[in-house]
Amino acid sequence: QVQLLESGGGLVQAGGSLRLSCAASGSNFRVNVMGWYRQAPGKQRELVARITTGGTADYADSVKGRFIISKDNAKNTVYLQMNGLKPEDTAVYSCNAEAFLYYSSRRATYWGQGTQVTVSS
């Protein structure tokens with residue numbers, strides 16, 4: 001199985017920056033896509049950003065120009081640099097990874113535990 005370990009969440013003032021990290025650990029797998037989702041109270045979970053191993057990235061319209069997603073394929077780690085944070089960015093951010101499992105020759109999706117990001121006014 002694959003485990004996702006997230007870090008970097010916390011409390012930040014509006015206009016500030018925060019960097020999230022998510023590392024996939026385990027063995028005999030290859031990550032195809034890694035990304036970040038978020039869910040605010042009373043809101044549906046939404047995709048924030050995701051990136052393929054080739055570097056193709058997608059962003060939610062609400063974060064374009066402010067957030068940057070990147071990855072280190074060798075470390076199976078994805079990062080989310082969040083700049084110009086707004087109170088509406090407050091949510092639980094969860095890392096997601098789609099991986100190919102060599103042992104079973106199948107794809108699977110994994111979720112991290114989630115990290116709280118709170119942006120104060």
Side-chain angles (χ1 to χ4, degrees):
Q1 60 181 1
V2 178
Q3 300 288 331
L4 303 180
L5 180 61
E6 302 152 323
S7 63
L11 175 65
V12 66
Q13 295 184 56
S17 298
L18 209 57
R19 183 179 175 86
L20 305 182
S21 298
C22 175
S25 62
S27 61
N28 298 313
F29 72 93
R30 176 181 179 178
V31 172
N32 297 320
V33 182
M34 295 187 75
W36 292 94
Y37 291 74
R38 68 185 181 187
Q39 187 167 24
K43 301 288 186 177
Q44 188 175 358
R45 184 186 66 190
E46 65 174 344
L47 173 68
V48 179
R50 62 183 177 186
I51 189 168
T52 68
T53 54
T56 301
D58 293 321
Y59 297 91
D61 289 340
S62 60
V63 307
K64 287 181 179 177
R66 299 189 296 121
F67 292 8
I68 302 172
I69 189 169
S70 61
K71 63 1 189 237
D72 185 331
N73 290 332
K75 297 181 179 180
N76 286 322
T77 300
V78 65
Y79 308 93
L80 185 67
Q81 179 66 45
M82 303 184 292
N83 301 313
L85 284 163
K86 306 174 181 179
E88 51 263 43
D89 293 319
T90 295
V92 174
Y93 285 69
S94 299
C95 180
N96 172 269
E98 180 183 294
F100 178 80
L101 308 177
Y102 296 138
Y103 191 82
S104 58
S105 298
R106 63 188 181 188
R107 295 178 179 178
T109 185
Y110 298 90
W111 291 91
Q113 295 298 308
T115 183
Q116 178 70 46
V117 171
T118 302
V119 184
S120 65
S121 301

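Numbers here simply count residues along the sequence, with the first being 1.
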Heavy-atom pair with the smallest gap, counting every atom of Q81 and S17: NE2-CB, 3.9 Å
Measuring only between side-chain heavy atoms, which start at C-beta, is L18 closer than 4.5 Å to F67? no
Could you pull out all donor-acceptor pairs under 3.5 Å where a side-chain atom in residues 90-98 meets a protein atom, sequence neighbours excluded?
residue: T90; atom: OG1; partner: P87; partner atom: O; Å: 2.9
residue: T90; atom: OG1; partner: V119; partner atom: N; Å: 2.9
residue: T90; atom: OG1; partner: V119; partner atom: O; Å: 3.4
residue: Y93; atom: OH; partner: R38; partner atom: NH1; Å: 2.8
residue: Y93; atom: OH; partner: D89; partner atom: O; Å: 2.7
residue: N96; atom: ND2; partner: T109; partner atom: OG1; Å: 3.1
residue: N96; atom: ND2; partner: Y110; partner atom: O; Å: 3.3

Closest heavy-atom contact between V31 and A24? CG2-CB, 4.4 Å
Could you go through V117 and L20, starting from their C-alpha distance and side-chain angles, then the distance that decides it, and tell me whether this counts as side-chain contact (heavy atoms from CB on, under 4.5 Å)? CA-CA 9 Å; V117 171; L20 305 182; 4.1 Å; yes
Heavy-atom donor-acceptor pair, E6 side chain to G114 backbone, under 3.5 Å: yes
To the nearest 0.5 Å, what is the distance between CD1 (I69) and OG1 (T56)? 11.5 Å
Looking at T53, is its backbone amide N or carbonyl O close enough to the side chain of K71 to form a donor-acceptor pair, meaning the two atoms are under 3.5 Å apart? yes
So CG of L47 and CZ of R45: to nearest 0.5 Å the spacing works out to 9.5 Å
Cation-pi between R19 and Y79: NZ/CZ under 6.0 Å from ring centre and within 45° of the ring axis? yes
Residues, nucleotides or ligands: over 12 heavy atoms within 6.0 Å of Q13 CD: no
Mind jotting down which residue pairs meet the ring pair (Phe, Tyr, Trp, His ring centres under 6.0 Å) criterion with at least one end in residues 27-63? Sequence neighbours excluded, please. Y37-W111
Evaluation steps, side-chain contact (heavy atoms from CB on, under 4.5 Å), between S25 and L5: CA-CA 8 Å; S25 62; L5 180 61; 6.0 Å; no
Side chain to side chain contact (heavy atoms under 4.5 Å, CB included) partners of S105, counting only residues at least two apart: F100
If two hydrophobic side chains count as joined below 4.5 Å and joins carry through other members, does L80 share a cluster with V33? no
So which atom in S120 and which in L11 form the shortest heavy-atom distance, rounded to 0.1 Å? CB-CD1, 4.3 Å
Are there more than 12 heavy atoms of other residues, nucleotides or ligands under 6.0 Å from atom CD of E46? yes
So CD of Q1 and OG of S27: to nearest 0.5 Å the spacing works out to 10.0 Å
